[in-house]
Every structure is written in structure tokens, then in C-alpha cells.
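Right, one structure below, let's go through it.
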Amino acid sequence: MVLLSFSNSTAPPCFTGSPTELRLMVVGSNGPTQFLLTNAILGREVFSKDISSISDSRKNTGELAGRRVAVINGPNIYDKDISRPKRKMELRRQKCLCIPGPHAFLIAFDMETISPNEMRAPKLMRERFGRHCLRHCIILLAYEGNVEAATLENRVQKTDWHLRELIEKYGGRFHVFSKNWRDRSRDRELLQKIERMTASLGGGFFSSRTFQKAEDCVKKEEKRLRKQRAAEIKKAWTEMEKQYIAEELYQQQDAYTTSVGAEIRAKAEMDNGWVRTSLARGLGTGFVVGAVVGALFGAIEGPGGMVLYGIIGGAVGGSAGGTAQVAIKHMEDRTAPPARLNFNSIFINRFFAGPRQ
């Protein structure tokens, strides 16, 4: 297989039309590489150089060579410090942040530390995102220093080591990028590779049953949040009608509607019924497993010990399974304004400073 080639095969039914914004799912195996890649794509330090792992899922927006992009990050796929319930919850949240589906999966590796162990990555990708996801993947190789990119690409093309075999599993698509996010010299080339791959698959994005499930749950949560805030929104519109008329009123109402819609959408992507369900199951599983193990230890003390240790074990297991709830609360505090800061007052004070003349 020739590296850097792009398939011309007909796109399967799971790919649909392409919007203006490119949704990019950045995936890392371990270490800081995926976070360096996110910085490189967005041209700013979203993640500090000291970050090598995260336990939550995040979405950042910006531009790549003039094209609007949304970049989604989650825990590294080999991270062993995350419990199974937590990993499942964050995987669901990643999908919700990327609905209706990513245009590209960017799989980040460090060129100097990549090992034969990375050959497991394609299998994990298929398990977590769907068996056809490799068609939408590009390998991104991070390098350090002032080495010519062409020299590095030539090295990859000619080598017979495990890196070449790994790239072939992703259709031969790869790109090298500098760990220095201020180096913007190869942005256009990366964007062209992503767009070329997308075009070869019918010009759309990747989807699957789980991405469709994510989209349905986000829409359902949006509907719930809108209903919850209906009185608040109505009050804001009434205030606008007192201050503005005709075209100006319509403009202010549109601006307000857009702002509220964006806030509700962001909140629904971060936390919805599908994400909460994975948390609840994690709590239940943790409690059951903990109770069983506790009861086994308690059996040494007799029937009374089984009951006592079973209760203690269940509480500990449930607590372990529920650590994700802390992450939910943390992410809500980090990504959204305090829920009841009276959004209407903030908006009106900002945009409706002067009374109608």
C-alpha cells in the first residue's frame, strides 16, 4: 500500500452531507500528544505542555487555515487510571460533543516514542466508535525541533518498521506536525488532507447507531431545557418589546434566541439522559460488585460479618462507580455560566443599554 493514498471507493450509507464547520475527534493513545495536536490545530495553547492526560471530555472551537473547526478531546485510550464506568460515560459524552458525527478522527502519536504496542489502537477505535471508523482516520505524528517535514515524511515512506504497518491500517493516511503550536506552516496541508479524505467518502461525516443515539438524546435534553426556561425566555421577550420596535426588536430577539440556544445546546451536549444513564449503571455495578466482595470477606466473621462487610463493600463500590458525578458537576461549572445568574438580566444589560427614543 502506498502511504498518503486516499480511497476512491463509494461512501457507505452512514456518511451524509458536510456542513461549514469541520468536526475533528482527536484521539491519543497515551501521553500528551493528542493535547499538543489540539493546540497545533487551533493555533493556541488550549492545553498546557504539562498535561499528559485528562479524565473528562472537552470541545474547543477555532480555525484551521481559515476553516471553522470544532476539536473534541477525551481521555487517552490506554489510560489505566480511569474506571470502566467513567470511561464509558466520557466516551458517550465525546460522541454527544461531536454530533451528528466527526468528519475526521485524528489519531495522534509521538514520532519518537511510538511502539509496537500501538498496533492495538485500530482495534480499540473500532470497538469504541464503530467498525467503519478507520475510513475516516488520519494518523498525526508529532515531531520536535526544526527538522524538515519532507524529511520526516520520507523517513515514514521508506521504513519497514511497525509505524508503516500501523499507517497502512488507516488507509495509508498520515501527516506530521510540530509540537510547537506557533508553527502554522503546515496548516493548509493538513486541512487539504482532511478535506480530500472526506470528499473521497462522499463529502460527509462519519456516523453510527451510537452517534445517532447521542444526537437523539441531546435533542431530547435541549427540548427539556427549553421547556424548563420557557417562562424566563418569555419574560426576556416582554422586556425587549418595551424597549424596541420593528426591525430593531427583531434583531434583538434573534440575538437573544441565538445566545440562549447556544447555551442550551452546550449544556445538553455535556449532560443528558444517555450520559446520566451510564453513570447510574456504573453506580449500580460498583455497589453490587463491592457488596459481593465485602460479603466474601465478611464470611470469615460469620453471617453477621457477611451483612456488615457487604454493606461496607457496597458503599465503597458505589462510591467508586460514582466518581463520574464529580466530573459532571466540574464540567458544568467550567463550561457554562452559573445556572441562575439570571441570564435575561445579563443579556438585557449588555444589549439593551438605552431606552427607546
Side-chain angles (χ1 to χ4, degrees), residues 1-7 18-52 54 58-73 76 98 102-114 118 121 136-159 161 163-164 166-168 170-201 203 205:
M1 179 182 290
V2 177
L3 302 189
L4 280 174
S5 65
F6 289 82
S7 172
S18 174
T20 300
E21 182 180 73
L22 274 178
R23 294 180 297 278
L24 307 176
M25 182 82 78
V26 174
V27 180
S29 57
N30 52 57
T33 316
Q34 70 153 310
F35 312 114
L36 295 172
L37 175 57
T38 297
N39 292 346
I41 292 171
L42 297 175
R44 64 179 190 271
E45 193 173 33
V46 177
F47 296 98
S48 73
K49 62 182 180 180
D50 300 323
I51 291 182
S52 60
I54 56 175
R58 308 181 190 183
K59 179 178 181 178
N60 293 280
T61 58
E63 289 189 355
L64 174 65
R67 180 82 182 266
R68 185 74 178 170
V69 295
V71 182
I72 294 85
N73 294 88
N76 287 323
C98 204
H103 294 91
F105 293 93
L106 305 182
I107 320 301
F109 298 104
D110 189 315
M111 199 165 190
E112 299 305 321
T113 62
I114 191 169
E118 309 294 359
H136 262 236
C137 289
I138 301 177
I139 283 189
L140 276 292
L141 300 169
Y143 68 92
E144 195 155 20
N146 299 317
V147 184
E148 285 287 335
T151 301
L152 295 174
E153 289 192 351
N154 187 56
R155 169 187 166 188
V156 174
Q157 289 276 11
K158 292 183 176 180
T159 186
W161 63 321
L163 175 57
R164 180 183 175 90
L166 179 65
I167 293 174
E168 288 178 351
Y170 292 99
R173 297 176 293 272
F174 78 96
H175 181 79
V176 296
F177 72 97
S178 173
K179 293 181 181 179
N180 176 13
W181 60 264
R182 293 179 176 82
D183 181 359
R184 317 298 295 159
S185 61
R186 308 204 71 213
D187 285 7
R188 171 59 58 183
E189 185 178 348
L190 173 58
L191 178 61
Q192 288 175 343
K193 288 179 180 180
I194 294 171
E195 290 178 333
R196 194 182 314 155
M197 178 186 68
T198 302
S200 73
L201 292 164
F205 55 84

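In terms of modelled atom types and a separation under 3.5 Å, the side chain of H103 and the main chain of F205 share no donor-acceptor contact. Between the side chain of H175 and the main chain of L140, no donor-acceptor pair closer than 3.5 Å is present.
Within the 4.5 Å cutoff, side-chain heavy atoms of L141 are placed close to those of L163. N60 places a side-chain heavy atom less than 4.5 Å from the side chain of L42. Counting heavy atoms from C-beta outward, N73 and V46 have side chains that stay 4.5 Å or more apart. Between E153 and F174 there is a side-chain heavy-atom pair separated by less than 4.5 Å. In this structure, the side chains of L64 and V71 stay at 4.5 Å or more apart for every pair of heavy atoms. Residues M111 and V156 form a side-chain contact, since some pair of their non-hydrogen atoms from C-beta on lies under 4.5 Å apart.
For residues 177-198, the set of pairs meeting the ring-ring contact (aromatic ring centres under 6.0 Å, His included) definition, not counting sequence neighbours, is empty.
Residues satisfying the side chain to side chain donor-acceptor pair (under 3.5 Å) criterion with S48, sequence neighbours excluded, are absent altogether. For E118, there are no salt bridge (charged side-chain N to carboxylate O under 4.0 Å, His left out) partners, not counting sequence neighbours. Considering only residues two or more places apart in sequence or on other chains, D187 meets the side chain to side chain donor-acceptor pair (under 3.5 Å) condition with R184. With sequence neighbours left out, the salt bridge (charged side-chain N to carboxylate O under 4.0 Å, His left out) criterion links E148 to no other residue. F47 is linked by a ring-ring contact (aromatic ring centres under 6.0 Å, His included) to F35, counting only residues two or more places apart in sequence or in another chain. The side chain to side chain donor-acceptor pair (under 3.5 Å) search around R44 returns none, not counting sequence neighbours. Annotation: salt bridge (charged side-chain N to carboxylate O under 4.0 Å, His left out) contacts of E144 (sequence neighbours excluded): K179. Considering only residues two or more places apart in sequence or on other chains, T61 meets the side chain to side chain donor-acceptor pair (under 3.5 Å) condition with R68.
A salt bridge is defined here as a Lys NZ or Arg NE, NH1 or NH2 lying under 4.0 Å from an Asp or Glu carboxylate O, and K59 with E21 fails to meet this definition.
Note that the NE2 atom of H136 and the OH atom of Y170 stand 15.0 Å from one another [nearest 0.5 Å]. Taken from CD1 in I114 to CD1 in I167, the straight-line distance is 7.0 Å, to the nearest 0.5 Å. Between the CG atom of L24 and the CG atom of L191 there is a distance of 9.0 Å, given to the nearest 0.5 Å. A distance of 11.5 Å separates CD in E189 from CD1 in I194, rounded to the nearest 0.5 Å. Remark: L190 CG to E195 CD distance equals 10.0 Å, nearest 0.5 Å.
Shown here for M197 and A104, the closest heavy-atom pair between the two residues is CE-CB, 3.7 Å. Smallest separation of non-hydrogen atoms from I51 and P32: O-CB, 3.2 Å. Looking at every heavy atom in both residues, T33 comes nearest to A142 through CG2-CB, 3.8 Å. Between D183 and S185, the shortest heavy-atom contact is OD1-OG, 2.7 Å. Listed here is the closest heavy atom pair of C98 and M25: CB-CE, 4.0 Å. The heavy-atom pair separating I41 from L106 by the smallest distance is CD1-CD1, 3.6 Å.
S178 and N180 form no side-chain donor-acceptor contact under 3.5 Å, judged by distance and modelled atom types alone.
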